[in-house]
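Okay, structure first, notes after.
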Amino acid sequence: MPNPTAAKVLDRKDLTGPALRTFFRIAEAWGLQEQEQMRLLGLESRSTLQSWKRGGVSTIPKDALERISYVMGIYKGLHILLPKTADQWVRKPNAAKIFGGRSALERMASGNVADLYVVRQYVDAQRG
């Protein structure tokens with residue numbers, strides 16, 4: 001018999017709805033266009049994005065969940081570092097070496113999950 005006090009391990013199906021709702025709230029806060037949302041999520045198809053927005057998916061791929069996790073970490077870190085300007089920061093040109101004068105959003109929207117990871121590491125490092 002399972003231990004009733006043991007924490008339930010959440011699987012992708014459990015995380016899909018909350019992850020997508022949170023992602024789309026962040027996308028709105030950052031003023032992301034559909035194409036930028038698709039790039040961050042690693043999607044090729046606009047119809048898939050629309051389906052996800054409507055909640056028409058029961059389980060998103062592991063890759064998409066990982067991407068959303070990085071976006072959430074970046075969002076949270078920025079709001080700790082820059083409470084008043086966090087949402088604007090992602091679009092501003094950045095002189096830090098990893099951005100090369102481009103914005104963090106340009107780096108994140110490359111389509112590569114590794115770039116989301118790099119931006120997340122950068123934000124976390126700024127927090128100390």
Side-chain angles (χ1 to χ4, degrees):
M1 181 166 171
N3 180 350
T5 60
K8 180 180 183 234
V9 177
L10 295 175
D11 62 14
R12 273 187 292 139
K13 187 175 171 96
D14 296 322
L15 296 171
T16 290
L20 287 175
R21 285 190 297 277
T22 302
F23 174 82
F24 290 121
R25 280 197 296 271
I26 292 170
E28 188 176 327
W30 286 353
L32 299 183
Q33 303 298 316
E34 276 193 340
Q35 193 61 39
E36 292 167 327
Q37 293 175 37
M38 289 170 58
R39 302 284 292 175
L40 291 182
L41 291 169
L43 296 177
E44 304 274 325
S45 162
R46 186 175 176 273
S47 61
T48 300
L49 178 71
Q50 292 301 323
S51 174
W52 288 14
K53 278 185 179 179
R54 288 191 308 272
V57 60
S58 62
T59 308
I60 58 174
K62 185 176 182 281
D63 174 72
L65 199 56
E66 179 182 5
R67 289 167 177 274
I68 293 170
S69 173
Y70 289 135
V71 168
M72 289 169 64
I74 292 163
Y75 179 85
K76 180 181 175 189
L78 289 174
H79 278 266
I80 291 168
L81 279 170
L82 310 163
K84 290 182 169 69
T85 60
D87 295 332
Q88 293 77 39
W89 181 88
V90 294
R91 289 198 181 274
K92 290 185 177 169
N94 195 312
K97 191 174 183 176
I98 69 160
F99 302 114
R102 297 181 348 201
S103 71
L105 182 58
E106 286 179 79
R107 177 85 193 244
M108 291 188 290
S110 70
N112 297 318
V113 71
D115 286 314
L116 288 166
Y117 171 79
V118 167
V119 174
R120 168 77 192 267
Q121 291 296 109
Y122 174 81
V123 171
D124 286 351
Q126 297 306 303
R127 285 181 40 211

To the nearest 0.5 angstrom, please state how far the [atom1] atom of [X] sits from the [atom2] atom of [Y].
X: Leu78; Y: Gln126; atom1: CG; atom2: CD; value: 10.0 Å
X: Met72; Y: Thr22; atom1: CE; atom2: OG1; value: 4.5 Å
X: Leu41; Y: Phe24; atom1: CG; atom2: CZ; value: 5.5 Å
X: Glu36; Y: Glu106; atom1: CD; atom2: CD; value: 9.0 Å
X: Gln35; Y: Leu49; atom1: CD; atom2: CG; value: 9.5 Å
X: Leu43; Y: Gln37; atom1: CG; atom2: CD; value: 9.5 Å

[X] side chain near [Y] side chain, heavy-atom distance below 4.5 Å:
X: Ile68; Y: Ile60; answer: yes
X: Leu81; Y: Trp89; answer: no
X: Leu40; Y: Met108; answer: yes
X: Leu20; Y: Val57; answer: yes
X: Leu105; Y: Leu32; answer: yes

Item to check | Neighbour count >12 (heavy atoms, 6.0 Å) for atom OH, Tyr117 | outcome: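 For Tyr117, atom OH is not crowded (no more than 12 foreign heavy atoms under 6.0 Å).
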Checklist entry - Near Lys76 NZ, under 6.0 Å, is it more than 12 heavy atoms from other residues, nucleotides or ligands? => result no
Does [X] use its side chain to pair, donor to acceptor, with the backbone of [Y] at less than 3.5 Å?
X: Arg21; Y: Gly55; answer: no
X: Asp11; Y: Lys13; answer: yes
X: Arg91; Y: Gly31; answer: yes
X: Thr85; Y: Gln88; answer: no
X: Thr16; Y: Arg12; answer: yes

Checklist entry - According to a 4.5 Å side-chain heavy-atom criterion applied to Ile, Leu, Val, Met, Phe, Trp and Tyr, with indirect links allowed, do Val71 and Ile80 form part of one hydrophobic cluster? => result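 Different clusters.
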Item to check | Contact summary for Pro93 and Gly101, nearest pair of heavy atoms | outcome: CB-O, 3.3 Å
Checklist entry - If you take all heavy atoms of Gly111 and Arg67, which pair is closest and at what distance? => result O-NH2, 2.8 Å
Next on the checklist: Over 60° means perpendicular and under 30° means parallel, so tell me whether Tyr122 and Phe99 are parallel, tilted or perpendicular.
Outcome noted: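 Taking Phe99 first and then Tyr122, their aromatic rings stand perpendicular (interplane angle over 60°).
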Next on the checklist: The criterion is salt bridge (Lys or Arg N to Asp or Glu O under 4.0 Å); which residues satisfy it with Asp124, sequence neighbours excluded?
Outcome noted: Arg120, Arg127
Checklist outcome for this item: By side-chain hydrogen bond (donor to acceptor under 3.5 Å, both in side chains), Arg46 pairs with (sequence neighbours left out) Glu34
Checklist entry - Are Val119 and Tyr70 close enough, and set up right, to give a side-chain contact (heavy atoms from CB on, under 4.5 Å), and what steps lead you there? => result CA-CA 8 Å; Val119 174; Tyr70 289 135; over 6 Å; no
